[in-house]
Q: 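The structure under discussion is supplied below as structure tokens; questions concerning it will follow.
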There are 2 protein chains.
Amino acid sequence: MTQAIDQTATDFMEDQDVEDYALNKRVVAGILYALEAADRATLLELMDPLHPADIADLMEQINPFDRRRLVQLYGAEFDGEILSELDEGLREEVMNILRPDVLAEAVRELESDDIVDLVEDLDEPAQEAILDQLEDADRVAVEQALSYPENTAGRLMQRETVCAPEHWSVGEAIDFLRNAEELPEQFYHMILVDPRMKPVGNITLGKLMSSRRTLPLQSIVEEVFQVIPVTQDEEDVAYAFNQYHLISAPVVDADERLVGVITIDDAMAVLDEEHEEDILRLAGVSDEASLSDTILDAAKGRATWLFVNLLTAILASGVINLFADTVDQMVALAVLMPIVASMGGNAGTQTMTVTVRALATKDLTAQNAWRVIRRELSVGALNGALFGFIMALVAGLWFGVPMLAVVIGVAMLLTQIAAALGGILIPMALDRANIDPALASGPFVTTVTDVVGFFLFLGLAARVLL
Amino acid sequence: MTQAIDQTATDFMEDQDVEDYALNKRVVAGILYALEAADRATLLELMDPLHPADIADLMEQINPFDRRRLVQLYGAEFDGEILSELDEGLREEVMNILRPDVLAEAVRELESDDIVDLVEDLDEPAQEAILDQLEDADRVAVEQALSYPENTAGRLMQRETVCAPEHWSVGEAIDFLRNAEELPEQFYHMILVDPRMKPVGNITLGKLMSSRRTLPLQSIVEEVFQVIPVTQDEEDVAYAFNQYHLISAPVVDADERLVGVITIDDAMAVLDEEHEEDILRLAGVSDEASLSDTILDAAKGRATWLFVNLLTAILASGVINLFADTVDQMVALAVLMPIVASMGGNAGTQTMTVTVRALATKDLTAQNAWRVIRRELSVGALNGALFGFIMALVAGLWFGVPMLAVVIGVAMLLTQIAAALGGILIPMALDRANIDPALASGPFVTTVTDVVGFFLFLGLAARVLL
């Protein structure tokens, strides 16, 4: 198995320019051809060297019909890790195609934290059906993990830990490891614990290996040591791993007793998900969206924001309607007004995005809020003045009405300042109210800029021009 | 030192509700007070337990005046890692404040890959000044790393590796590690190499520890094994770590010889940066932007996109101007037209964001492109029909002109389909042309939706209504 993979890693590099690790086009074509011919031997040969993550990607890329054929033809070879790697939206579909005995076997191969991830979104009966297939110890482990709230450290951690009493020496620890019956598949630290099982330090295996046998473990603990409470939000866990460059960290219960360990690959997955969520939310796409969603699901996921946007757009139209007489008297206003709103909207989105990011990375705090607000207002004023000036020139030349040039210049300057203010204050207010600022900032910010933009431009025009 | 940090980790949790790991408000206030009083003893006492990453955050949050006082008062205690953790925009400022001897000492403490990260963006003389302070071995290592292109594996890797000949047994490997004079600070795998120094497998230290001494290393290599070419783009490196859950991976030169190793914490940092870049680029903010940029830099960083947006907004205005007579005859058109453009712009942004993400995660490939395009068009048509219908009702009731209702309904439907088409084809085309789709999609997509929206709505109105 291993050798086969080594071999392919090399083939892969040679065949494919190494530009990316993604699925080889030739392999995908070969697999689809094997499906068409129902040629199981060729399919297995082509799939064998693929990593479960790549097989999952393949299944996401092909259409539902081919997916069903693939799962059926692949049969008993189906690896549990493929399910773990699969897009959440597709998991149930695939699990329903799998023969019950294949599914049971696939799940049994997984580590308990991966099983938790797999079953936590299933409904009760489907969840039960899977848990029933597990050995008792695994079942208890999974059920215990499910007893922690969703999106917390308790769901993320693995329960198997490697720990040592704090008074041990290097020699004792090494002997313990060499004689251990069973150790976790992957571990990077020995966790030092006090007699109450409270973690007090981490020892890297490399340091342990290279230290004298007589040294006390206490003397070689890592400098940076973070303990994760079992109920901590997974986003805060990911933040800690990223901020302090952790590789693994012990998880403790309310009594500060060691209950599990979280490793960096889990934290990296959370960080990645969180980013995806932020980027989609900022664009008004619901979190669930993935390329394998059905058309109806995708349309629904986007309709919410479009609806909110429709309301704010109608509100902005209402402002224009207030000045219908003004527009009626000077059609140039109708031609120019979208420019004021569009520039305001863009400036607002820029400030909003910077603010949402700064809140997520904890770079924006009570400490520097005022300074950042002043800064954003200055940036808005600077760019507002610049583009107001440019647009005044353009409008003046285009329509030959000097006062129209003044009106649009001033309106743009003021709208961009308002956009900066909205772009920073709205996300900050949402964050303080414990609403994800990425989720709801967009509609509010564009409402502010549209309403302010139309009102200022048309209002000024009504006063000055007519 | 270690004990102090353990202690504080606990204090921190108890004091602070554990909600976040960010800097304690009380600590920040205390530090600012100590700066005011020029009380070095208190400052050191408060700073001692902080992780360099937190000190860097603190320095980013306070104003430039306090920052200067902090660096000066902190003096010789200044840790090189603080520089590594500091926002790139602030590094030069802080390095210029540091006393030359403190700076030299701070840099000498760092690992060679961190020094590379620190100096790669400095200009020649500043770079030289720092390199001159290094010991010869470090200097050579840094210079060699700098000889690789920017943003490649060669800049990211550490050169110290732990490897073993492929024919060794577990016992031989353990003895080698126990007797090694010097091992890297952090390592998680022993890399198996063939006689030509080509990596052929990874052994986790945990597995090594728990295996019988007589077993050949070959029999306990990890199943998943990825080799990184030294010239590979760092984004592809991060993708491989995320996709295959790697902890560390050997880096090879053009002859496939081992030249270094990349660990997951470096890959995680790249992933994080890349996400930040994507999210900011999608909002039209230049990459360099951080809260510590000066007002002028921030304004410049955003002006480019605002300028592009101004041009596209003027183009859209030109379309309105084509229909100035039509608008002149029916002011309701001026009131309603921003709704058509705004809804189109939002639908386009949604599709564009989903597409940019799918391209970044390699979920959208030649394999499924047609299916995804059809899907997006269907989603656009579905939501276009829904919101076109709603808006037709609203416009009909508002202005009492039935044909106006039909015109806006049809215009919205068609604009949203065009938005979906633009939202997917434009990023795909940019990606194919090797331009980051996140960077340039926005202006093109909104131009399409604005121009199409105004043209369809006013054009239809001119034909049907007047």
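We use all heavy atoms of the structure for the numbers below, so side chains are in, but hydrogens, waters and symmetry mates are not. Proteins get letters first, then strands, A, B, ... in listed order; numbering begins at 1 in each.
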Q: Verify, without hydrogens or angle tests, whether B:S317 (side chain) and A:V335 (backbone) share a donor-acceptor contact under 3.5 angstrom.
A: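 Such a contact is found between B:S317 side chain and A:V335 backbone.
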
Q: Check whether B:L306 gets within reach of chain A through its side chain, its backbone, both or neither, counting any heavy atom under 4.5 Å.
A: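 Both backbone and side chain.
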
Q: Out of B:V28, B:N242, B:V327, B:T204, return the one with the most heavy atom pairs under 4.5 angstrom to chain A.
A: B:N242

Q: Show the nearest heavy-atom pair for residues B:L310 and A:M391, with the distance to one decimal.
A: CD1-SD, 3.8 Å

Q: Is it the backbone or the side chain of B:E181 that comes under 4.5 Å from a heavy atom of chain A, or both, or neither?
A: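 Answer is neither: B:E181 stays 4.5 Å or more from chain A.
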
Q: Using 0.5 Å steps for rounding, measure from the CG atom of A:D87 to the CG atom of B:D363.
A: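 The CG atom of A:D87 sits 7.0 Å away from the CG atom of B:D363.
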
Q: With a 4.5 Å cut-off on heavy-atom pairs, point out which of A:K207, A:R374, A:M343, A:M352 contacts chain B the most.
A: A:M343

Q: Side chain from CB out, backbone as N, CA, C, O: work out which of these in B:E182 comes under 4.5 Å of a heavy atom of chain A, or both, or neither.
A: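 No part of it gets close to chain A.
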
Q: Are any side-chain N or O atoms of A:N383 and backbone N or O atoms of B:A299, one a donor and one an acceptor, separated by less than 3.5 Å?
A: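 Yes: the side chain of A:N383 pairs with the backbone of B:A299.
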
Q: Between A:N63 and chain B, which part of the residue has a heavy atom less than 4.5 Å away: side chain, backbone, both or neither?
A: both

Q: Taking side chain as everything from C-beta outward and backbone as N, CA, C, O, which of these in B:V394 sits under 4.5 Å from a heavy atom of chain A? Side chain, backbone, both or neither.
A: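 The side chain, not the backbone.
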
Q: Could you tell me the separation between the CZ atom of A:F307 and the CD1 atom of B:I390, rounded to the nearest 0.5 Å?
A: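 Between atom CZ of A:F307 and atom CD1 of B:I390 there are 5.5 Å.
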
Q: Answer with side chain, backbone, both or neither: which region of A:A324 has an atom nearer than 4.5 Å to a non-hydrogen atom of chain B?
A: both

Q: Given heavy-atom pairs under 4.5 angstrom as the criterion, report whether the side chain, backbone, both or neither of A:I247 touches chain B.
A: side chain

Q: Using non-hydrogen atoms and a 4.5 Å limit, figure out which bit of B:I279 sits close to chain A: side chain, backbone, both or neither.
A: both

Q: When rounded to the nearest 0.5 angstrom, what distance separates CG in A:D272 from NE2 in B:H275?
A: 4.0 Å

Q: Most heavy-atom pairs under 4.5 angstrom with chain B, which of A:D233, A:L282, A:I314?
A: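 The residue among A:D233, A:L282, A:I314 with the greatest pair count is A:I314.
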
Q: Could you grab the distance from atom OH of B:Y244 to atom CG of A:D265, nearest 0.5 Å is fine?
A: 15.5 Å

Q: Can you tell if the side chain of A:H51 reaches within under 4.5 Å of the side chain of B:E223, non-hydrogen atoms only?
A: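 The answer is no; the side chains never approach within 4.5 Å.
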
Q: Under a 4.5 Å heavy-atom cut-off, does chain A meet the side chain of B:L271, its backbone, both or neither?
A: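 Only the side chain of B:L271 comes within 4.5 Å of chain A.
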
Q: Quick one: CD1 on A:I339 to CG on B:D450, what's the gap to the nearest 0.5 Å?
A: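 Those atoms lie 10.0 Å apart.
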
Q: Below 4.5 Å from any heavy atom of chain A, which atoms of B:L205 appear? Answer side chain, backbone, both or neither.
A: both

Q: Among B:I174, B:V162, B:D278, which has the most heavy-atom pairs under 4.5 Å with chain A?
A: B:I174

Q: Checking heavy atoms, do the side chain of B:A316, its backbone, both or neither come under 4.5 Å from chain A?
A: neither

Q: Counting only N and O atoms by type, is there a donor-acceptor contact under 3.5 Å from the side chain of B:Q350 to the main-chain atoms of A:R302?
A: yes

Q: Heavy-atom pairs under 4.5 Å with chain B are the metric here; pick the option from A:L382, A:D266, A:V331 that has the most.
A: A:V331

Q: In terms of heavy-atom proximity below 4.5 Å to chain B, should A:R213 be classed as side chain, backbone, both, or neither?
A: both

Q: Heavy atoms only: give me the nearest B:P338-A:M337 pair and the separation to one decimal.
A: CG-CE, 4.3 Å

Q: Is there a donor-acceptor pair under 3.5 Å between the side chain of A:R375 and the backbone N or O of B:I295?
A: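 No.
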
Q: Between A:K362 and B:Q61, is the side-chain contact (heavy atoms from CB on, under 4.5 Å) condition met? List the steps.
A: CA-CA 10 Å; A:K362 302 189 204 288; B:Q61 283 171 26; 5.8 Å; no

Q: Between B:T351 and chain A, which part of the residue has a heavy atom less than 4.5 Å away: side chain, backbone, both or neither?
A: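 For B:T351, the contact with chain A is made by backbone and side chain together.
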
Q: Which pair of heavy atoms, one from B:I62 and one from A:R371, lies closest together, and at what distance?
A: O-NH2, 3.1 Å

Q: Please check: side-chain N/O of A:R178 versus main-chain N/O of B:R212, any donor-acceptor pairing under 3.5 Å?
A: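 Judged by distance alone, no pair lies under 3.5 Å.
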
Q: When rounded to the nearest 0.5 angstrom, what distance separates CG in A:N346 from CH2 in B:W305?
A: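 A:N346 CG to B:W305 CH2: 5.5 Å, rounded to 0.5 Å.
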
Q: Just by distance, no angles: are the side chains of B:H245 and A:E85 close enough, under 3.5 Å, to form a donor-acceptor pair?
A: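 Side-chain D/A pair, B:H245 to A:E85: present.
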
Q: Where does A:A303 contact chain B at under 4.5 Å (heavy atoms): side chain, backbone, both or neither?
A: both

Q: For each of B:L183, B:L177, B:I264, tally heavy-atom pairs with chain A at distances under 4.5 Å, and name the one with the top tally.
A: B:I264

Q: Side chain, backbone, both or neither: which part of A:V319 has an atom under 4.5 Å from a heavy atom of chain B?
A: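 Neither part, no heavy atoms under 4.5 Å.
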
Q: Check whether B:A238 gets within reach of chain A through its side chain, its backbone, both or neither, counting any heavy atom under 4.5 Å.
A: backbone

Q: Return yes if a side-chain donor-acceptor contact under 3.5 Å exists between A:N309 and B:S342, otherwise no.
A: yes

Q: Answer with side chain, backbone, both or neither: which region of A:L32 has an atom nearer than 4.5 Å to a non-hydrogen atom of chain B?
A: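 Only the side chain of A:L32 comes within 4.5 Å of chain B.
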
Q: Can you tell me if A:D57 and B:Q243 form a side-chain donor-acceptor pair at under 3.5 Å?
A: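 On atom types as modelled, these side chains qualify, holding a pair under 3.5 Å.
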
